[in-house]
Novice: 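If you scroll down you'll find the structure; I have some questions about it.
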Amino acid sequence: MPGTAVRGGLTPQEAKRIAKITQKRTAKSRLRRSIPLIALLIPGIVFVLIFHYLPMFGLVIGFKKYDIFAGANPIDAVFKSPWVGMKNWDALWVKSKFRQAVVNTFIISALKVGICFPLGIILALMINEVRSNIAKKTLQTVMYLPHFISWVVVGALFMNIMGTTGIVNQVIMSLGGEPQKFFMDNRWFRFLLVITSAWKETGWNTIVYLAAIAGIDPELYEAAKIDRANRFQQILHVTLPGIASTVIMMLILRLGGIMDAGFSQILVMYNSTVYKSGDIIGTYIYREGIGKLNWSQGTIVGMFNSVINMILLLGGNWLSRRLTERSIW
């Protein structure tokens, strides 16, 4: 009954009030202890707000006939430019070059995910099997180095190797074949993008997997040895299951950026002769939106790109949770 004393001489109402007071004091104490961490977090939050959320205001340009000279400054011009609704999108989608850029983006990204993503896992497994610590660290350093080379240098390097007078064509001609214009041939250009991306980034991608492998309990390997498992069986039944959650997380994140097929890489390597196979959404925005000062269409394409990325990220996370019961959230 209400008001009846409970153990300790307290009524239910008094017990609830004391519990609330205790909870508030605990929350305040936790907040005070977290003040240094919150202070460290504030610069990151400010950075994200200023450089990621604040620029979203510019999305309105995609729904206007933006004229940079319509106002006293570019921001004032946003307000004074007339609204056109979805006309920019309608005018954009009928362009065959844009549709081709969308198709190329998906194809190039799919090739990179299908080829380069597994290579990072395979390379990490191979490095982990090296028993000499000196050799392992040397291999890791050598594999990481290409990541720090700019795409300008990488592009020039491969153009010298695979150009019309490069080493590859010299070998082909010495074998009686005809020299190939790899960087000017739509049949070869996507292949070059995958090869150069794998050479530059595969070693760097092994970092996460090697860290995940290091976290596997050594006793699992000892148990596998007792069961007479060889090295390959240990990789198959201990190492791969041990890093499965990391692999899935990296794959989901990669799917979230699938619309970024490598803007810097392609911008350095492509030319007008390979637009059919190499022009992606990023380079299309750069060429049409910035090069031709068509800000409105460039903005609407960028927004389309971001929406597709978000859908792929959420979809990949949902599918992973349904099929493997592992996901980012």
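Bear in mind the structure is a predicted one, so any value in this text is a computation, not a measurement.
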Novice: Could you measure the distance from the CG atom of D90 to the NZ atom of K87? Nearest 0.5 Å is fine.
Specialist: 9.5 Å
Novice: Nearest heavy-atom pair of F304 and M259: which atoms, and what distance?
Specialist: CE2-CE, 4.4 Å
Novice: Checking Q100 side chain against D279 main chain: does a donor-acceptor pair fall under 3.5 Å?
Specialist: no
Novice: Under 4.5 Å between any side-chain heavy atoms of Q140 and I207, yes or no?
Specialist: no
Novice: With heavy-atom distances below 4.5 Å as the criterion, would you say the side chains of N186 and T273 are in contact?
Specialist: no
Novice: Of all the heavy-atom pairs spanning M250 and Y209, show the shortest one and how long it is.
Specialist: CB-OH, 3.6 Å
Novice: Looking at side-chain heavy atoms only, is the closest gap between D185 and V274 below 4.5 Å?
Specialist: no
Novice: Drop me the distance from N128's CG to Q234's CD, to the nearest 0.5 angstrom.
Specialist: 10.5 Å
Novice: Does S277 offer a backbone N or O that forms a donor-acceptor pair with the side chain of R190 under 3.5 Å?
Specialist: yes
Novice: Take K80 and D67 through the test salt bridge (charged side-chain N to carboxylate O under 4.0 Å, His left out) and record every step on the way to the result.
Specialist: CA-CA 9 Å; K80 293 185 178 180; D67 182 4; over 6 Å; no
Novice: Would the number of heavy atoms belonging to other residues, nucleotides or ligands and lying under 6.0 Å from CZ of R228 be above 12?
Specialist: no
Novice: Cut-off 3.5 Å, no hydrogens considered: what does the side-chain donor-acceptor table look like for residues 148-173, sequence neighbours left out?
Specialist:
unit_1	atom_1	unit_2	atom_2	d
S150	OG	V153	N	3.4
N160	ND2	A156	O	3.2
N169	OD1	Q180	N	2.7
N169	ND2	G163	O	2.6
N169	ND2	Q180	O	2.9
Q170	NE2	T165	O	3.1

Novice: Specify the closest pair of heavy atoms between I68 and A77, including all atoms of both residues, with the distance to one decimal.
Specialist: O-CB, 3.7 Å
Novice: What verdict does the side chain to side chain contact (heavy atoms under 4.5 Å, CB included) test give for Y284 and I280, after you've listed the backbone C-alpha separation in whole Å, the side-chain angles of each residue and the deciding distance to 0.1 Å?
Specialist: CA-CA 6 Å; Y284 182 86; I280 61 172; over 6 Å; no
Novice: How far does OG1 of T239 sit from CZ of R231, to the nearest 0.5 angstrom?
Specialist: 10.0 Å
Novice: Considering residues, nucleotides and ligands other than L49, do more than 12 of their heavy atoms fall under 6.0 Å from its CG?
Specialist: yes
Novice: Is it the case that more than 12 heavy atoms not belonging to F263 sit under 6.0 Å from its CZ atom?
Specialist: yes
Novice: Would you name the heavy atoms of S81 and A70 that are closest together and state the gap between them?
Specialist: OG-CB, 4.2 Å
Novice: If we ignore hydrogens and angles and just use 3.5 Å, is the side chain of T105 paired with the main-chain N or O of I281 as donor and acceptor?
Specialist: yes
Novice: Could you tell me which non-hydrogen atom of T206 sits nearest to which non-hydrogen atom of A124, and how far apart they are?
Specialist: CG2-N, 3.8 Å
Novice: In this structure, are over 12 heavy atoms from other groups packed under 6.0 Å from L175 atom CG?
Specialist: yes
Novice: Taking atom CH2 of W318 and atom CD1 of I252, what is their separation to the nearest 0.5 Å?
Specialist: 12.5 Å
Novice: Whether the side chain of N230 engages the backbone of Q233 through a donor-acceptor N/O pair (distance < 3.5 Å, no angle test) should be reported.
Specialist: yes
Novice: Would you call the rings of F51 and F47 parallel, tilted or perpendicular, where under 30° means parallel and over 60° means perpendicular?
Specialist: tilted
Novice: Look at the aromatic rings of Y275 and Y270 and report parallel, tilted or perpendicular, splitting at 30° and 60°.
Specialist: tilted
Novice: Indicate yes or no for a side-chain donor-acceptor contact from D227 to the backbone of A229 under 3.5 Å, with no hydrogens or angles considered.
Specialist: no
Novice: Are I115 and L193 co-members of a hydrophobic cluster defined by side-chain heavy atoms under 4.5 Å apart?
Specialist: no
Novice: Check the pair Q265, T196 against side-chain hydrogen bond (donor to acceptor under 3.5 Å, both in side chains), reporting the backbone distance first and the verdict last.
Specialist: CA-CA 9 Å; Q265 175 193 18; T196 52; 2.7 Å; yes
Novice: Show the nearest heavy-atom pair for residues G242 and I216, with the distance to one decimal.
Specialist: CA-CD1, 4.0 Å
Novice: Would you say W295 ends up clustered with V60 if hydrophobic residues are merged whenever their side chains have heavy atoms under 4.5 Å apart, either directly or through other cluster members?
Specialist: yes
Novice: Quick check: do L220 and D217 have side-chain heavy atoms less than 4.5 Å from each other?
Specialist: yes
Novice: Does W188 belong to the same Ile/Leu/Val/Met/Phe/Trp/Tyr cluster as M269, with side-chain heavy atoms less than 4.5 Å apart forming each link?
Specialist: yes
Novice: Okay, side chain of S296, backbone of K64: is any donor-acceptor separation there less than 3.5 Å?
Specialist: yes
Novice: So, does N305 use its side chain to make a donor-acceptor pair with the main chain of V301 at under 3.5 Å?
Specialist: no
Novice: Does the S197 side chain pair with the main chain of V194, one donor and one acceptor, at a distance under 3.5 Å?
Specialist: no
Novice: With side chains defined as the heavy atoms from C-beta onward, is the minimum distance between I308 and F106 less than 4.5 Å?
Specialist: yes
Novice: Does F57 have more than 12 heavy atoms from other residues, nucleotides or ligands lying within 6.0 Å of its CZ?
Specialist: yes
Novice: Once you measure the plane-to-plane angle for W89 and F98, does it fall in the parallel (<30°), tilted (30-60°) or perpendicular (>60°) bin?
Specialist: perpendicular
Novice: Evaluate F63 against V84 for side chain to side chain contact (heavy atoms under 4.5 Å, CB included), listing each step before the verdict.
Specialist: CA-CA 6 Å; F63 304 96; V84 295; 5.7 Å; no
Novice: Would you please name every residue forming a salt bridge (charged side-chain N to carboxylate O under 4.0 Å, His left out) with K181, sequence neighbours left out?
Specialist: none
Novice: Counting only N and O atoms by type, is there a donor-acceptor contact under 3.5 Å from the side chain of T202 to the main-chain atoms of A198?
Specialist: yes
Novice: Would you say V103 ends up clustered with L111 if hydrophobic residues are merged whenever their side chains have heavy atoms under 4.5 Å apart, either directly or through other cluster members?
Specialist: yes
Novice: Using 0.5 Å steps for rounding, measure from the CG atom of N205 to the CE atom of M143.
Specialist: 12.5 Å
Novice: Once you round to the nearest 0.5 Å, how far does CG of L313 lie from CD1 of I258?
Specialist: 11.5 Å
Novice: Is it the case that the side chain of N104 and the backbone of K276 share a donor-acceptor pair, with hydrogens and angles ignored and the cut-off at 3.5 Å?
Specialist: yes
Novice: Does CZ belonging to F191 count more than 12 external heavy atoms closer than 6.0 Å?
Specialist: no
Novice: Linking I/L/V/M/F/W/Y whenever their side-chain heavy atoms sit closer than 4.5 Å, directly or via other members, would V142 and M126 fall into one cluster?
Specialist: no
